[in-house]
Colleague: 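Okay, handing you the structure first.
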Amino acid sequence: MLERVYISDLKNYIGQDVIVDGWVDVRRDHGKLIFIDLRDKSEKVQIVFLPTHQEAHETAKSIRSEWVLRIKGKVNARSEKLVNNNEFNGTLEIEALSVEVLNKSEALPIDISTDGLEINEENRLRYRYLDLRRKRMQRNLRIRHKIIKKMRDYLDERDFIEVETPILTKSTPEGARDYIVPSRQSKGKFYALPQSPQQYKQLLMVAGIEKYFQIARCFRDEDTRSDRQPEFTQMDLEMSFVTQEELINLNEEMLIHIVQTLIPEKKIQQIPFPRITYKEAMEKYHTDRPDIRENKDDPNLLAFCWVVDFPFFEKADNGSWTFTHNPFSAPKPEYMNDLLMKTNVENIITTQYDIVLNGYEIGGGSIRNHNPEALKAVFEIMGYPEDQISKNFGHMLQALSYGAPPHGGIAWGLDRFVTLLLGEDSIREVIPFAKTGEGKDLMMSSPSEVSTAQLQELNIKTLK
Ligand code: ASP
């Protein structure tokens, strides 16, 4: 019995009979000779159908692009004048002995032979399962997988454990609108989808886990922006008994390790990454995510920098104080007294650190308030009434009162990071089933209406 061989391995089978499975990339009919380029997940190969193998030759006449075939054939070295050094398998071809049509295909609604960037994006998203067949998208998904695997291995080797946290949860303030899910069993009540695992990861520190990470899906109901998606992925991490310096170093080493082992053609401009204070960044670059590349024409240049020393609070539109990054952050130690006394609010500096790459914020984190009084003071400065604080954050304040260790962490925006490493322009090029800027899944037609019965069960009426 012959076994299936992946097309990228055919070089090891010259002179032997093999089975290859895959899709018809193109077919060239020269009458006597019919050629097919067959494609599987690994590569492409030229198949030649000769009139001597009559049945296979006859079938090949009717075969069209994107049909799915199983071919039994002999791997032949090409004669010197037929070698094509531009093709992966340019030194060989398969002489088809028999062919089985596993499935036919209609003509595709989009061209998948190009990089796809010339095609209207809505069409690409509507037929995403075809769009993902193109070489560029296959590469993107594979490298995304490798990057995530590197992170997992790197952190596992350093004794971090990955812990899954709930998707059906309670509203947590990260500065965006929540997606909410009605509860059937508690009528009139709603879950919120997590904007991040922030509270759970801190609760895991209270639980004594000490070193947590998660490749976590997060949900934020934000207005259309080209680089935003309703759901996105974070590399989320939290550690106990740790300093800002240790967290910055750990993350910096992991970033360097990923780039150097997976994308060695990229050059990191400066190691260790420069650290810029918020004040310097605003004065020098007029932004808190400066693009410090020395040469912006170089697509292989990665200029990382840390931005530190952000103000903790800023004035919201209604005149009250709000947090600039994360309400769970601790102030720098020299400002702890101001926080607790709620004085000098405009000058309190937080332990927040952002990691910026080529002008994009790709991550951010902080040391957290592990004393309940300090966390409570943050909400009081923001003007939250006592009952709202205990209703929304009572569980956090209570947890912190049972011997919470000092802790801190970070989250990376994985989609943006992968986009930059791959030199793509949009995060939708690295998210397999991306939504449009308006948050629509054109392939599944979602969001969509639900049945009256479903609404009734939830005790929900929609307004016309
Ligand atoms: N949870 C924060 C965010 O999603 C990041 C962090 O501080 O860990 O923005």
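Start at 1 and go down the list; that is how both ligands and their atoms are numbered.
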Colleague: Are any of the heavy atoms in Q234 under 4.0 Å away from ligand 1?
Modeller: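 Per 4.0 Å heavy-atom rule, Q234 contacts ligand 1.
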Colleague: Which atoms of ligand 1 are found less than 4.0 Å from any heavy atom of N326?
Modeller: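 Near N326, the atoms of ligand 1 are 2 (C), 6 (C), 7 (O).
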Colleague: Do E380 and K342 meet the salt-bridge criterion of a basic N to acidic O distance under 4.0 Å?
Modeller: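 So K342 pairs with E380 through a salt bridge.
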Colleague: Go through ligand 1 atom by atom and flag the ones less than 4.0 Å from a non-hydrogen atom of S196.
Modeller: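 Ligand 1 atoms under the 4.0 Å threshold to S196: 1 (N), 4 (O).
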Colleague: So, does M235 sit close enough to ligand 1 that a heavy atom of it is under 4.0 Å from the ligand?
Modeller: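 M235 does not count as a contact of ligand 1 under the 4.0 Å cut-off.
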Colleague: Any salt bridge between K187 and E457, counting N to O under 4.0 Å?
Modeller: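 Salt bridge between K187 and E457, a charged N being under 4.0 Å from a carboxylate O: no.
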Colleague: Side chain, backbone, both or neither: which part of I410 has a heavy atom under 4.0 Å from ligand 1?
Modeller: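 It is the backbone that touches ligand 1; the side chain stays farther off.
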Colleague: Pick, from R220, K201, Q198, the option with the minimum heavy-atom distance to atom 4 (O) of ligand 1.
Modeller: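 Comparing heavy atoms across R220, K201, Q198, the nearest one to atom 4 (O) of ligand 1 lies in R220.
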Colleague: Of all the atoms in ligand 1, which lie at a distance below 4.0 Å from a heavy atom belonging to G364?
Modeller: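 So the atoms of ligand 1 that pass are 5 (C), 6 (C), 7 (O), 8 (O).
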Colleague: With no hydrogens and no angle check, do the side chains of T436 and E122 hold a donor and an acceptor under 3.5 Å apart?
Modeller: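 Result is no, nothing qualifies.
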Colleague: Can you tell me if R368 contacts ligand 1 (heavy atom of the residue under 4.0 Å from the ligand)?
Modeller: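 Contact present.
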Colleague: Between F379 and F393, does the ring centre distance come in under 6.0 Å?
Modeller: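 Yes - the distance between ring centres of F379 and F393 falls below the 6.0 Å cut-off.
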Colleague: Name all pairs fulfilling the side chain to side chain donor-acceptor pair (under 3.5 Å) condition that reach into residues 260-277, sequence neighbours left out, sorted by first residue then second.
Modeller: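 Only E245-R275 qualify under side chain to side chain donor-acceptor pair (under 3.5 Å).
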Colleague: Yes or no on salt bridge (charged side-chain N to carboxylate O under 4.0 Å, His left out) for E283 and K279, after CA distance, side-chain angles and deciding distance?
Modeller: CA-CA 6 Å; E283 279 167 11; K279 192 160 172 282; 3.4 Å; yes
